[in-house]
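Nothing fancy with the numbering, it's 1 onward along the sequence. Below, all heavy atoms of this structure are taken into account, side chains as well, without hydrogens, waters or symmetry copies.
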Amino acid sequence: VAEMECGMEGRTASALFAGFRALGLFSNDIPHVVRFSALKRRFYVTTCVGKSFHTYDVQKLSLVAVSNSVPQDICCMAADGRLVFAAYGNVFSAFARNKEVVHTFKGHKAEIQLLQPFGDHIISVDTDSILIIWHIYSEEEYLQLTFDKSVFKISTILHPSTYLNKILLGSEQGSLQLWNVKSNKLLYTFPGWKVGVTALQQAPAVDVVAIGLMSGHVIIHNIKFNETLMKFCQDWGPITSISFRTDGHPIMAAGSPCGHIGLWDLEDKKLINQMRNAHSTAIAGLTFLHREPLLVTNGADNAVRIWIFDGPAGEGRLLRFRMGHSAPLTSIRYYGQNGQQILSASQDGTLQSFSTVHEKFNKSLGHGLINKKRVKRKGLQNTMSVRLPPITKFAAEAARESDWDGIIACHQGKLSCSTWNYQKSTIGSYFLKPKELKTDDITATVSRDITSCGNFAVIGLSSGTVDVYNMQSGIHRGSFGKDQAHKGSIRGVAVDGLNQLTITAGSEGLLKFWNFKNKDLIHSVNLDSSPNRMLLHRDSGILGLALDDFSISVLDIETRKIVREFSGHQGQINDMTFSPDGRWLISAAMDCCIRIWDLPSGCLIDCFLLDSAPLNVTMSPTGDFLATSHVDHLGIYLWSNISLYSVVSLRPLPTDYVPSVVMLPGTCHTQDMEVSEENTEPSDEMIEYNSPEQLSEELVTLSLLPESRWKNLLHLDVIKKKNKPKEPPKVPKSAPFFIPTVPGLVPRYAAPEQNKDSQQSKVVNLGILAQKSDFCLKLEEGLLNNNYETALNLLKELGPSGIETELRNLSPDGGGSVEVMQSFLKMIAMMLERKRDFELAQAYLALFLKLHLKMLPSEPILLEEMTKLLSQFSVKNADTTYLVSNLFL
């Protein structure tokens, strides 16, 4: 028990799951960066995702690289032709090849908010309005400027084109300053427009700069003559970003916090178009590609979009996009049996599918629409008024996905359930709703399930009614119970794998078993507390129930009895999932813990704490990944199953076990894998057990040598005779370079001469001239120091033929002596006395007697040693000797 407690104290992370990577994250509120690669002649866009950034190829908007993670969330980015700069906290780093950190710059005391590449230098500004210029490659500080925040708090920075060694700074107070950073001089102060500056952008014309203000105005200003050329106004709030077209059209685009983009004609000085709802949140950044009619935008709605301007009126249409959920997730489930697709529903009202293999397999099933045919008929562009509420729960079955809809979804506050088609990636044709109930405010759909065959949907309502619908036709096929299945709200419905049983759970604390075909009640079970949610593992027939008292009950649907009860969560249980084999039950609760319960042993085998409460958990059908979603997070987080590729000791955790906090994985998994390896080092579960050479001196211990080393020692002569070749190998005769001929008129080849010399034997009988082997020398040393370990180890390393040669050479005829033979017998006596290598002692002694049995009676010394050996084979060792002798049969 003490060892187990020590192991739990040294455990710093989950023993079963390691953070792998995050899915569905594409952008946040940090403005993107556009770079042009002169080598590949392509544009690349870089977007920030938490602690790392993604680089996409603009041509296909395909993911090119994911950077390594940094310790904190990235707060701003910038890039030049070679490096990408990312600031986090009061430090920023330079990344090469869009991935590796090559330079790190430390010196700020406050959080960095602006970065500006400046040739071989980089300019950084923090929230205290301290500006530092760094040399990129030496990482040395070149210049530092300090501004009074109350007078001039820097909000934007720009390097005007053709202005050598000069930067333009905008402030929250409204004024602007032009500095020469080489001479460290303030060249000019622009009084501004008494409104904070939010954006600065160089216009295609030299000396002209676009200035975005908090009031929504855009000022086109000539900084050489301090003259305002144009002034535009947007009614959508502060200007978030500005960009100019450079492909021959005098167009300026300005972003807003509402997600709208205004397009302004600089020649006619008027608004020519509005791109409303380009993003559902504020426009974080927008950039026109150089000399191309393409606009790249990103926002905090987790989307990157590319717009093309090829219309006659100059309007932009969506060309390519990468989009995830723009609001926290409500439900996630694996789809299909290959474990490669995860369906997710969000508070933004969309249903999307994310691939665990590659982003190119992601797809969105779109928003739910109240009347899809009406929207198509009228051609509505703005569908906000006809969208369904967000999906709270859904169920999916891929058995008949090619024939009809295979997904049903419950909507927040809605009575009807919508159907969805995964292959067509759209909402289905039916809304499953009982005819008796007409209004949505009386009751709502709270539970759902689809049979394993994909033909029927079972839907539970908050009124206690449970209905069955046909998925192909959408027709109502009956209800359970006379008026209602339960008196309280339905908390869970499930159908077994053979469509024999339907299990329903009600808020009144009853669990009911129904016949699926005739809808009759079969059995009822009273629960200790009101159920919160229910989950059925169809293959094993195990039903998991999460109760309102934060406990979990596990039932067997065959016996209809509770077989396991688990307690330990300190908050509401949000979701549960089974492992594919049904051995583990994984639960997630509002106490920020994920617990893994082992059903056969009934113990808690793993538990880890997260920095954000998990809302949903789902296990891959192949068992390789655990997917989770969390409060206020937009992504799906994958955790790899360590037991599939490493040895894991599943020990029960003590009741007072305190889990450690595990950070959520990032979009790049290489660094997370290294962390998981470090975390497993201190655990004693992975320490290998080294068995001692002998458990007890009273026990007979065999060696670890294979049987081929000792079992056939007595039959070597038979084996050699059997393997002896019938005739010696013949060397092929080599043909001469010039074939000899016999002199004469008729050319004839000369016959080869026969070698009449008889072959001599290659075996040399050395006799008494043979040198002593190392084994003989060690035996001679053993007579003096009574230590035979070295000689025994030499014999263990030899094969059967080598052992026979060594023992044959112990006699005086083979170059040995009587003393050496005596030493060998003493070595056998030592092995028998220690009861180690017992079968080797038997085999070596048997071979020794076979080779030298005729010589032993003529030597008194050897007879005396044999008498001592005989005394060790007494009656008390007869059973052991008999058992060992059976090894040679």
Side-chain angles (χ1 to χ4, degrees), residues 29-33 75-78 87 110-118 123-132 145-161 163 166-181 186-244 252-258 260-262 264 266 282-287:
D29 58 342
I30 305 300
H32 67 265
V33 176
C75 50
C76 64
M77 291 194 309
E111 181 178 327
I112 299 172
Q113 63 175 355
L114 296 172
L115 290 174
Q116 175 65 47
F118 199 69
I123 303 173
S124 59
V125 181
D126 61 19
T127 54
D128 291 339
S129 292
I130 296 178
L131 183 147
I132 302 178
L145 299 176
T146 303
F147 297 85
D148 187 358
K149 289 195 300 181
S150 60
V151 179
F152 191 88
K153 185 176 182 180
I154 301 175
S155 58
T156 55
I157 184 172
L158 174 69
H159 169 51
S161 297
Y163 279 59
K166 297 175 182 64
I167 57 173
L168 182 65
L169 302 176
S171 68
E172 293 184 1
Q173 287 78 10
S175 60
L176 294 91
Q177 294 183 4
L178 184 65
W179 282 79
N180 187 320
V181 294
L186 175 62
L187 301 180
Y188 193 79
T189 300
F190 301 90
W193 295 266
K194 299 182 180 180
V195 183
V197 179
T198 58
L200 287 175
Q201 182 62 37
Q202 175 69 49
V206 181
D207 303 326
V208 179
V209 173
I211 304 170
L213 304 179
M214 287 286 294
S215 59
H217 288 81
V218 181
I219 310 297
I220 309 299
H221 196 75
N222 189 313
I223 59 174
K224 184 176 182 180
F225 301 104
N226 192 16
E227 179 182 353
T228 299
L229 305 179
M230 305 174 196
K231 188 175 182 180
F232 306 104
C233 180
Q234 293 183 175
D235 297 334
W236 302 322
I239 304 299
T240 58
S241 54
I242 303 172
S243 185
F244 291 89
M252 180 190 69
S256 68
C258 305
H260 309 323
I261 299 175
W264 302 85
L266 299 179
I283 304 294
L286 55 86
T287 307

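At least one donor-acceptor pair under 3.5 Å links the side chain of Thr240 to the backbone N or O of Ile283. For the pair Ser129 (side chain) and Ile154 (backbone), a donor-acceptor distance under 3.5 Å is present. Judged by distance alone, with hydrogens and angles left aside, the side-chain atoms of Gln201 form no donor-acceptor pair with the main-chain N or O of Ala210 at under 3.5 Å. In this structure, Ser155 contributes its side chain and Gly170 its backbone to a donor-acceptor pair below 3.5 Å. In this structure, the side chain of Gln173 engages the main chain of Lys153 through a donor-acceptor pair within 3.5 Å. Within the 3.5 Å criterion, the main-chain N or O of Pro191 finds no donor-acceptor partner in the side chain of Ser175. Proximity of a side-chain donor or acceptor of Asp126 to a complementary backbone N or O of Ile130 within less than 3.5 Å is detected.
Using bins of under 30°, 30° to 60° and over 60° for the plane-to-plane angle, the ring pair Phe152/Phe147 lands in the tilted bin.
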- Message: Set out, in order, the CA-CA distance, both residues' side-chain angles and the distance that settles ring-ring contact (aromatic ring centres under 6.0 Å, His included) for Tyr163 and Trp179, then state yes or no.
- Response: CA-CA 10 Å; Tyr163 279 59; Trp179 282 79; over 10 Å; no
- Evaluate the criterion ring-ring contact (aromatic ring centres under 6.0 Å, His included) for residue pair Phe118 and His159; output intermediate values, then yes/no. CA-CA 8 Å; Phe118 199 69; His159 169 51; 4.9 Å; yes
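Legend: salt bridge (Lys or Arg N to Asp or Glu O under 4.0 Å) pairs involving residues 208-234, not counting sequence neighbours: none detected.
Going from atom CG of Asp128 over to atom CG of Asp148 covers 11.0 Å, rounded to the nearest 0.5 Å. The structure places CG of Asp207 at 11.0 Å from NE2 of His221, a figure rounded to the nearest 0.5 Å. The distance from the CD atom of Gln116 to the OG atom of Ser124 is 11.5 Å, given to the nearest 0.5 Å. A distance of 7.5 Å separates CZ in Phe190 from CD1 in Ile211, rounded to the nearest 0.5 Å. One distance of note links SG of Cys75 with CG of Leu114; it measures 9.5 Å at 0.5 Å rounding. To the nearest 0.5 Å, atoms CZ (Phe244) and CD (Gln202) are separated by 8.5 Å.
For CE of Met214, the number of neighbouring non-hydrogen atoms (other residues, nucleotides, ligands) closer than 6.0 Å is 12 at most.
Side-chain atoms of Val197 and Leu213, non-hydrogen and from C-beta on, do get closer than 4.5 Å to each other. The side-chain heavy atoms of Leu266 and Phe232, taken from C-beta on, include a pair separated by under 4.5 Å.
Leu115 and Cys76 make their closest contact through CG-SG, 3.8 Å (heavy atoms, listed as atom of the first residue, atom of the second, distance).
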